[in-house]
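Values in this document were obtained by computation on a predicted structure and should not be read as measured data. Sequential numbering from 1 along the given sequence is applied to the chain's residues.
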Amino acid sequence: MSLLAGSAGPAASSGWGHDHARKGFFTDTSICIGCKACEVACKEWNRNPVDGNLEILGSSYDNTGALGANTWRHVAFVEQGQDRIEEARESGRKLVGLGMPTIGPKPGHRRGDLPEGDLGGVDTTPPDTPEFRWLMSSDVCKHCTNAGCLDVCPTGAIFRSEFGSVVVQDDVCNGCGTCVGACPFGVIERRDDGTVSPRVEHDGEVPGMGTAKKCTLCYDRLVDGEQPACSATCPTTSIKFGDHDDLVGDAQERVRELHERGMTEARLYGANPKDGVGGIGSVFLLLDEPEVYGLPPDPQVSTKFLPQMYLRAGVAAAGMIAATALAFMGGKR
């Protein structure tokens with residue numbers, strides 16, 4: 001577990017001597033309209049290079065695809081019809097993957113199948129159902145209570161700020177990539193110049209090339225008393241910024257409100273302090289299973305099992321020493 005996440009929380013135990021509460025996000029996906037204003041604001045403020053050629057993906061109306069070293073905010077698009085909405089409101093519902101499913105199953109075909117040959121005559125008329133919706137959610141770094149990336153960083157480039165956020169220092173990061181494998185959400189990534197994972201040709205020098213990049217909770221804005229660029233820009237207040245505990249309370253109240261309105265599929269993600277990462281700083285209200293939004297259902301910080309691993313390694317080493325000693329003793333006879 002992270003050494004900076006004590007019983008009072010990561011902000012209180014970060015060693016900064018402050019008296020303010022942990023900060024974080026509450027993303028209410030039920031009112032997200034997919035405008036991507038948060039993506040644009042994030043890129044502009046942090047001066048992140050373009051990620052991709054901005055063309056619509058083949059699997060969705062999205063044009064960025066996922067979080068990465070250049071995209072610190074990403075809005076997911078998921079299309080759902082009445083059948084899926086009803087399934088989401090039932091317990092034990094079958095999960096679907098992130099992406100853009102077809103509008104409806106064609107007779108004699110499985111859902112997702114495309115007809116062979118010319119697709120010009122394919123019927124794309126929306127189904128005649130009383131309910132139809134897009135699930136949209138602005139994803140971001142979770143700023144975990146127990147942050148695996150922070151635990152494994154060998155240079156100290158990743159630190160816990162006085163606001164409880166997890167921040168990467170560009171001038172200290174050596175680009176080893178250890179943090180990339182330690183993140184259970186696949187958020188943090190090393191920035192490249194298009195030679196490792198080519199996406200687009202960049203004009204000029206790529207800033208911070210080779211070092212790990214992710215959301216900083218706009219740390220430079222927080223120290224000046226401003227809120228992050230994404231939440232300040234969101235036109236529907238889908239992204240809310242504030243004290244973490246207050247946001248969790250607001251999120252729980254919002255879930256109760258939606259349940260009273262019959263939207264029983266609403267649930268919180270990351271608000272449980274007893275989950276595999278000790279809870280997260282970026283809490284989400286979801287309208288379907290986490291996998292639908294590309295989120296792991298049971299994230300586990302990679303360093304959680306270090307004590308057991310050390311114990312097993314110690315037992316194995318003791319066994320090898322004992323076997324070696326017995327072999328020498330038997331040889332002398």
Side-chain angles (χ1 to χ4, degrees), residues 26-36 56-62 64-67 74-115 119 122-140 142 184-186 236 238-239 248 250-272 274-277 279-280 282-300:
F26 165 42
T27 301
D28 185 351
T29 68
S30 67
I31 56 176
C32 177
I33 59 175
C35 66
K36 287 183 175 284
I56 300 300
L57 303 178
S59 60
S60 169
Y61 282 131
D62 183 18
T64 46
L67 295 173
H74 168 248
V75 179
F77 291 70
V78 183
E79 183 185 85
Q80 291 188 331
Q82 182 184 23
D83 55 345
R84 181 59 209 174
I85 298 173
E86 293 175 352
E87 291 178 17
R89 290 173 181 166
E90 300 173 357
S91 59
R93 45 198 165 271
K94 184 179 179 181
L95 306 183
V96 299
L98 178 65
M100 178 183 165
T102 55
I103 291 177
K106 300 295 187 293
H109 292 79
R110 296 177 303 173
R111 186 177 183 85
D113 286 348
L114 291 175
L119 303 183
V122 174
D123 181 14
T124 58
T125 304
D128 184 16
T129 60
E131 293 186 85
F132 184 81
R133 70 181 180 185
W134 283 96
L135 295 188
M136 299 172 182
S137 174
S138 181
D139 197 8
V140 71
K142 312 307 180 288
F185 299 97
T236 65
S238 171
I239 303 173
V248 171
D250 294 342
Q252 293 170 341
E253 179 60 32
R254 175 62 173 165
V255 168
R256 285 192 289 268
E257 176 187 345
L258 292 178
H259 282 192
E260 292 174 357
R261 293 167 53 184
M263 300 178 66
T264 56
E265 69 272 31
R267 83 288 309 273
L268 293 183
Y269 183 83
N272 181 8
K274 296 183 179 180
D275 64 14
V277 293
I280 57 180
S282 304
V283 179
F284 295 83
L285 185 153
L286 306 180
L287 297 180
D288 209 321
E289 295 287 347
E291 295 92 328
V292 174
Y293 296 85
L295 298 170
D298 184 24
Q300 299 286 333

Original post:
Looking only at heavy atoms, which two atoms of D62 and K36 are closest? And how far apart?
Top reply: OD1-NZ, 2.7 Å
Original post:
Applying the side chain to side chain contact (heavy atoms under 4.5 Å, CB included) test to V255, which of D250, L285, L286 qualifies?
Top reply: L285
**OP:** Output yes when a side-chain donor or acceptor of H74 lies under 3.5 Å from a complementary backbone atom of T64, and no otherwise.
**Re:** no
**OP:** Using a strict 4.0 Å threshold on nitrogen-to-oxygen distance, state whether R261 and E257 make a salt bridge.
**Re:** yes
Subject >> F77 versus G34, closest heavy-atom pair with distance >> reply: CZ-O, 3.5 Å
**OP:** State, without any angle test, whether Q80 and D288 hold a side-chain donor-acceptor pair at a distance under 3.5 Å.
**Re:** yes
Subject >> Electrostatic pair R133-E265, nearest N-O below 4.0 angstrom >> reply: yes
Subject >> P290 versus P296, closest heavy-atom pair with distance >> reply: CB-O, 4.2 Å
Subject >> Donor-acceptor under 3.5 Å (Y293 side chain, L287 main chain) >> reply: yes
Subject >> Least distance between heavy atoms, S138 atom then F284 atom >> reply: O-CE2, 3.5 Å
Subject >> Qualifying residues under side-chain hydrogen bond (donor to acceptor under 3.5 Å, both in side chains), relative to D28, sequence neighbours excluded >> reply: S30, R254
Original post:
Do you know the tightest heavy-atom contact between V283 and G270?
Top reply: CG2-O, 4.1 Å
